Amino acid sequence: MNTLIATTLVFVGCCSNVVFLELLVRDFPGCGNIVTFAQFAFIALEGFIFETNFGRKKPEIPLSNYGVMVSMFFTVSVINNYALNFNIAMPLHMIFRSGSLIANMILGIIILKKRYSTSKYLSIVLVSVGIFICTVMSAKQVNVEQGASEEEGVYAFLHWLLGIAMLTFALLMSARMGIFQETLYKKHGKHSKEALFYNHCLPLPGFLLLSGDIYRHAVLFSQSSPVEIPVIGHSMPVMWFYLLMNVITQYVCIRGVFILTTECASLTVTLVVTLRKFLSLVISILYFQNPFTAWHWTGTAVVFLGTLIYTEVLSSVYTAVRGKTTVRKTE
């Protein structure tokens, strides 16, 4: 039952979170900082109350170790959201972040001296090819308004290219953070709820550096048209409503993944998360009518095929089906 509940939370929370994020960035593409700050503040407050018991519970992992991980986590979160300000479409954003497998393998080979099977290398090639196809096709769609000069067109493309560079950097930084976290858990034990709190609480002072941008978007959000809140019956600016729902659904998504990791094998978790990403992509394309060509679909299919091969989901399904067939024949 817990597995079913967790899976439901992941699909409902994560998919709706993407919807509310896109509603925010369609009107204010540069609102990534205020979105990230709101998410961090909410999860830190929840963790302060329920995880640390209002600060009375001491951390199992030394705060000095959290300092390194937190700096990386803060950087990744801010850059990923801020990249949307550089003409990066939400579908491409989601596909690009699916390339975490590539970054994890590259850094695993360089830092941990790991070696992988042939199927793993094949999966990474597929993911790389899929992301390359989607990126190239999206690059062709980077255009300014009709009648714009060639110089403005070049500027728009360079602007988009900077966003791609930011996503690439965030991808590699996220992989490095994962390796650091893995070594940390081996030394001190796995304390994921504690890590979730400190990863969101300790970076909060860092948002002072972004306070000007956060305040500016807070003013813009307050000036948006009002919308009546269901059940409550009161109205509030629509952008604040979207932000509130984004924060809540983000928390539901994270909690769902956390429960899933405690109830299921890592293979099952990966499969659920992969399917969730694909569903989020479909929703973004169909609901928001984002431009998506046949080549985009091809690249997407290749990315997810590579992901499934990497996690050995396909081979596990094949083995299970073959086993059932053998049992039926024996009977």
Side-chain angles (χ1 to χ4, degrees), residues 13-14 17-18 21-22 24-25 29-44 47 61 63 65-86 88-90 92-108 110-112 127 131 135 161-185 192-210 213-214 246-247 249-251 253-254 257-258 261 269-270 273-274 276-277 280 303 307:
C14 299
N17 177 257
V18 171
L21 178 60
E22 186 147 5
L24 286 164
V25 300
C31 69
N33 290 331
I34 191 173
V35 172
T36 308
F37 171 71
Q39 292 174 349
F40 275 50
F42 181 86
I43 294 174
I61 299 176
L63 288 178
N65 288 325
Y66 276 124
V68 177
M69 186 163 63
V70 160
S71 61
M72 290 189 284
F73 183 70
F74 175 76
T75 303
V76 169
S77 300
V78 171
I79 290 179
N80 270 327
N81 280 337
Y82 196 67
L84 293 170
N85 195 34
F86 290 81
I88 302 293
M90 187 62 75
L92 180 61
H93 191 272
M94 287 187 280
I95 294 169
F96 214 89
R97 293 182 68 178
S98 297
S100 56
L101 291 177
I102 305 171
N104 288 336
M105 178 175 280
I106 292 174
L107 294 188
I110 296 173
I111 298 174
L112 302 179
V127 172
I131 292 177
T135 304
L161 208 58
L162 181 58
I164 293 295
M166 292 173 69
L167 288 178
T168 303
F169 175 79
L171 205 61
L172 293 170
M173 179 67 77
S174 179
R176 183 65 186 90
M177 181 184 71
I179 292 175
F180 180 80
Q181 185 171 304
E182 183 180 333
T183 55
L184 207 60
Y185 285 164
S192 39
K193 287 186 70 175
E194 176 185 291
L196 181 67
F197 165 69
Y198 284 106
N199 277 343
H200 288 82
C201 177
L202 295 181
L204 288 178
F207 285 100
L208 290 173
L209 301 173
L210 309 171
D213 181 73
I214 292 173
N246 176 267
V247 169
T249 53
Q250 172 77 358
Y251 175 74
C253 175
I254 290 175
V257 173
F258 172 77
T261 55
V269 176
T270 304
V273 171
T274 301
R276 190 281 301 172
K277 287 181 179 179
S280 297
V303 167
T307 303

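What you see is a predicted model, and the numbers here were worked out from it, not measured in a lab.
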Would V78 and N33 count as a side chain to side chain contact (heavy atoms under 4.5 Å, CB included) if you check the C-alpha gap in whole Å, the side-chain angles of each, and the deciding distance to 0.1 Å? CA-CA 6 Å; V78 171; N33 290 331; 3.6 Å; yes
Does L21 reach the side chain of Q250, with side-chain heavy atoms less than 4.5 Å apart?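 Side-chain contact under 4.5 Å: no.
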Is there side-chain contact between P29 and N85, with heavy atoms separated by less than 4.5 Å?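 Yes; the side chains approach each other to less than 4.5 Å.
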When you measure from the side chain of [X] to the backbone N and O of [Y], does any donor-acceptor pair fall under 3.5 Å?
{"X": "N17", "Y": "G13", "answer": "no"}
{"X": "S280", "Y": "R276", "answer": "yes"}
{"X": "H93", "Y": "N80", "answer": "yes"}
{"X": "E194", "Y": "I61", "answer": "yes"}

[X] and [Y]: which non-hydrogen atoms are nearest, and at how many Å?
{"X": "P203", "Y": "V70", "result": "CG-CG1, 3.2 Å"}
{"X": "N65", "Y": "F180", "result": "O-CE2, 3.5 Å"}
{"X": "L107", "Y": "L172", "result": "CD1-O, 3.4 Å"}
{"X": "A170", "Y": "V76", "result": "O-CG2, 3.7 Å"}

For F42 together with H200, are the ring centres under 6.0 Å from each other?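 Ring centroids of H200 and F42 are no less than 6.0 Å from each other.
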Point-to-point distance, once rounded to the nearest 0.5 Å, from [atom1] of [X] to [atom2] of [Y]:
{"X": "S71", "Y": "L202", "atom1": "OG", "atom2": "CG", "result": "10.5 Å"}
{"X": "R176", "Y": "I111", "atom1": "CZ", "atom2": "CD1", "result": "4.0 Å"}
{"X": "L171", "Y": "I131", "atom1": "CG", "atom2": "CD1", "result": "7.0 Å"}
{"X": "I179", "Y": "L184", "atom1": "CD1", "atom2": "CG", "result": "13.5 Å"}
{"X": "F96", "Y": "T135", "atom1": "CZ", "atom2": "OG1", "result": "5.0 Å"}

More than 12 foreign heavy atoms under 6.0 Å from OH of Y82: is that the case here?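 No - once you tally the heavy atoms of other residues, nucleotides and ligands closer than 6.0 Å, there are 12 at most.
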Is there a side chain to side chain contact (heavy atoms under 4.5 Å, CB included) between F40 and L204? Walk through the geometry before answering. CA-CA 7 Å; F40 275 50; L204 288 178; 3.9 Å; yes
For I106, enumerate each residue passing the side-chain contact (heavy atoms from CB on, under 4.5 Å) test, keeping only those at least two apart in sequence or located in another chain.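 Counting only residues at least two positions away or on another chain, I106 forms a side-chain contact (heavy atoms from CB on, under 4.5 Å) with I102, I110.
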